[in-house]
Q: 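Mind looking over this structure? Questions follow.
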2 protein chains.
Amino acid sequence: MSHSVYGRLMSVDRTQVLRTAATLLSRKATATMDEVARAAGIGRATLHRHFAGRDALVRALEQMCIEEAEAALDAARIEEGPADEAVRRLVAASEPAAPLLAFLVTENQLFEGDGQNEGWARLDARLVALFRRGQEEGTFRIDLSPAWLCEAFYGLIGSGAWAVADGRVAANDFSYMIAELLLGGARRSVEK
Amino acid sequence: MSHSVYGRLMSVDRTQVLRTAATLLSRKATATMDEVARAAGIGRATLHRHFAGRDALVRALEQMCIEEAEAALDAARIEEGPADEAVRRLVAASEPAAPLLAFLVTENQLFEGDGQNEGWARLDARLVALFRRGQEEGTFRIDLSPAWLCEAFYGLIGSGAWAVADGRVAANDFSYMIAELLLGGARRSVEK
DNA sequence: TTCAGGTGAGACAAAGATGTCTCATTCGGT
DNA sequence: ACCGAATGAGACATCTTTGTCTCACCTGAA
C-alpha cells in the first residue's frame with residue numbers, strides 16, 4: 001500500500017481544495033458545487049467523493065478554519081508579553097487562514113443551526129481574553145469592549161484578505177496594515 | 001386614481017422590503033426568494049411583482065445602498081472641518097445604511113459582471129479623498145494608504161452592523177465604537 | 001355599497017442544482 | 001510493463017428554486 005503525506009494514496013489535495021473553495025465562496029456565496037470543483041481544478045464527481053455535499057463542504061471549511069485559527073493563536077503565544085505585541089504576532093500568524101476567515105465570517109448561516117461548532121466559542125474566548133488582558137495591563141483602552149475588539153479583529157482580517165485578493169493593497173502589507181489600524185487607528189498620534 | 005406617499009396605490013413598502021432582504025441576505029446569502037418574501041412578511045408572488053427576480057432584487061439593493069451611502073456622505077459634510085471629525089460624522093450618518101452595506105460588502109459577486117454600478121467608484125473616490133485630505137492636513141497617518149482606510153471603513157461598518165444585529169454590542173454604541181476604533185485604535189494613547 | 005387595484009395562496013412548468021452511477025483514462029507504485 | 005486506485009467526463013433521476021399564472025380576498029376611495 002502506498003502512502004502520501006496524509007496517509008492516503010491520492011492526487012487531490014484536500015487542503016488546497018478547501019482553500020480554493022473558501023476563496024471562491026467568499027467572493028460568490030451562491031457558487032454551485034460545479035463551480036467550486038472547476039475553481040479547484042477537479043471534477044464535480046471527485047469533489048463529491050471528498051465532500052458528501054455542499055453542507056459537508058462548508059462544515060469541513062469551518063473545521064479547517066477553526067483549526068488554523070487555533071494554530072495561529074498557539075503560534076502567536078498570545079499569553080506572553082505585552083498585549084499589543086501579542087496582537088501583532090497574532091495578525092501575522094493569522095495571515096494564512098485569512099481567506100478562510102473571510103468566508104466564514106460572512107457565512108453567519110453557520111450560527112443558525114442547532115449544532116454549531118463549539119470551536120467558535122473557544123476562539124472567541126481566547127481572543128476576548130487577550131483584549132481583556134490588554135485592558136487590565138493598561139495597554140488597551142477600556143472604552144471599547146473586548147467583544148467589539150474581537151469583532152473588529154475578525155472584520156479587519158476579512159477586509160484585508162479581500163483587499164489583497166482584489167489587488168487593492170499589496171500582500172506584503174497585509175499584517176502591518178491590519179495590526180496598525182487595529183492597534184493605533186487612523187489618527188496620527190503623538191506617541192511612537 | 002389614488003396615491004400613497006410614493007405615488008402608487010400600494011401596501012408593501014419597497015424600502016422596508018429591501019431593508020429586510022438586506023438583513024436576511026447578509027446573514028444567509030443563499031436564502032431563496034421565498035425566504036426573503038417570508039422575512040419581509042409578504043407573499044412570494046408579491047415580491048416577484050416588485051422585483052423581477054433575484055438578480056433584480058440584488059441590483060435594487062445595490063442601488064439603494066449607493067443612494068443611502070451618498071446621502072450619508074452629503075449629510076456628514078465630509079469636506080468640512082478636521083478630517084477626523086468628518087469621519088465621526090460620516091460613521092454616525094452611515095448607521096441607517098449599515099445593514100445594507102454589511103450585505104453588499106460581502107456580495108463581491110456584484111463586482112464580477114460586465115456592467116458594475118459606477119456608484120461604487122464615486123463612493124470610493126469620495127471616501128479616499130477624505131482620508132487623503134486627512135493625511136495632507138496631518139490628521140491621519142501616512143503609512144496607511146487611503147485605499148486601505150477605505151476598505152477598513154467598510155469592513156468595520158459591516159462588523160458593527162452584525163455585532164449589533166446579533167446583540168453582541170449595544171446599538172447605542174454603534175457609531176462610537178466604529179469611529180473610535182477606526183480613528184484611534186485599540187491601544188491606549190497619551191493624547192486625549 | 002360598489003369597484004378597481006393590490007395582495008396571498010396555491011398550482012404549474014421550466015430551469016438549475018444535486019446526488020449517484022458507469023466507464024475510459026491517467027497516475028503512482030511494484 | 002503491469003496493476004490497482006483515483007480521477008474526469010458524462011448520463012441520469014431527483015429535488016429545489018424560479019418564474020408565471022389564476023383566483024379568491026381584502027382594502028381604500030367614490
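In what follows, every heavy atom counts, from backbone to side chain, and hydrogens, waters and symmetry copies are set aside. Within every chain, numbering begins at 1; the chains are lettered A, B, ... in the order of the sequence lines, protein sequences first and strands thereafter.
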Q: Whole Å only: how far is the CG atom of Asp34(A) from the P atom of dG10(D)?
A: 11 Å
Q: I'd like to check the ring-ring contact (aromatic ring centres under 6.0 Å, His included) partners of Phe140(A); sequence neighbours left out, ordered by chain and number.
A: Phe131(A)
Q: Enumerate the residue pairs fulfilling ring pair (Phe, Tyr, Trp, His ring centres under 6.0 Å) with a member in residues 71-95 of chain A, sequence neighbours excluded, ordered by first and then second residue.
A: none
Q: Residues in side chain to side chain contact (heavy atoms under 4.5 Å, CB included) with Glu68(A), at least two apart?
A: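 Testing Glu68(A) for side chain to side chain contact (heavy atoms under 4.5 Å, CB included), a comparison that skips the adjacent residues, returns Arg19(A), Met64(A), Ala97(A), Leu100(A).
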Q: So which pairs with a foot in residues 96-106 of chain B pass salt bridge (Lys or Arg N to Asp or Glu O under 4.0 Å), sequence neighbours left out?
A: none
Q: For Arg44(B), which residues count as a side chain to side chain donor-acceptor pair (under 3.5 Å) partner, sequence neighbours excluded?
A: none
Q: Could you list the residues that satisfy side chain to side chain contact (heavy atoms under 4.5 Å, CB included) with Glu136(B), not counting sequence neighbours?
A: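 With neighbours one apart ignored, the set is Arg132(B).
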Q: With the sugar-phosphate defined as primed atoms, P, OP1 and OP2, and the base as all remaining atoms, what B/S/- string results for nucleotides 19-27 of chain C, 5' to 3', for protein heavy atoms under 4.0 Å?
A: BBBB-----
Q: Taking side chain to side chain donor-acceptor pair (under 3.5 Å) as the definition, give me every residue that meets it alongside Arg126(B), ordered by chain and number, with sequence neighbours left out.
A: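 Listed in chain order: Asp74(B).
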Q: Quantified as the angle between the terminal helix axes (five pairs each), what is the overall bend of the helix from dT1(C)-dA30(D) to dT30(C)-dA1(D) to 10 degrees?
A: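 Here the helix ends are tilted 30° relative to one another.
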Q: Tell me which residues in residues 35-43 of chain A put a heavy atom below 4.0 Å from DNA chain C, sorted by number, or none.
A: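 By residue number: none to list.
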Q: Quick one: is His50(B) getting a side-chain N or O under 4.0 Å of the dG6(C) phosphate, OP1 or OP2?
A: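 No, His50(B) has no side-chain N/O under 4.0 Å of OP1/OP2 on dG6(C).
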Q: With respect to the phosphate group of dG8(D), does any side-chain polar atom (N or O) of Thr46(A) fall under 4.0 Å of OP1 or OP2?
A: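 Checking dG8(D) against Thr46(A), a side-chain N or O does come within under 4.0 Å of OP1 or OP2.
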Q: List for me each residue that meets side chain to side chain donor-acceptor pair (under 3.5 Å) alongside Glu80(B), sequence neighbours excluded, and say none if there are none.
A: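 Glu80(B) satisfies side chain to side chain donor-acceptor pair (under 3.5 Å) with Arg77(B) once adjacent residues are dropped.
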Q: To the nearest 0.5 Å, tell me how far Phe51(A) CZ sits from Arg59(A) CZ.
A: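 Separation between the atoms: 14.5 Å.
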Q: Just how far, in rounded Å, is C1' of dT7(C) from CG of Asp13(B)?
A: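 Result: 15 Å.
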Q: Apply side chain to side chain donor-acceptor pair (under 3.5 Å) to Glu79(A) and list each qualifying residue two or more places apart in sequence or on a separate chain.
A: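 By the side chain to side chain donor-acceptor pair (under 3.5 Å) rule, Glu79(A) matches no residue at all.
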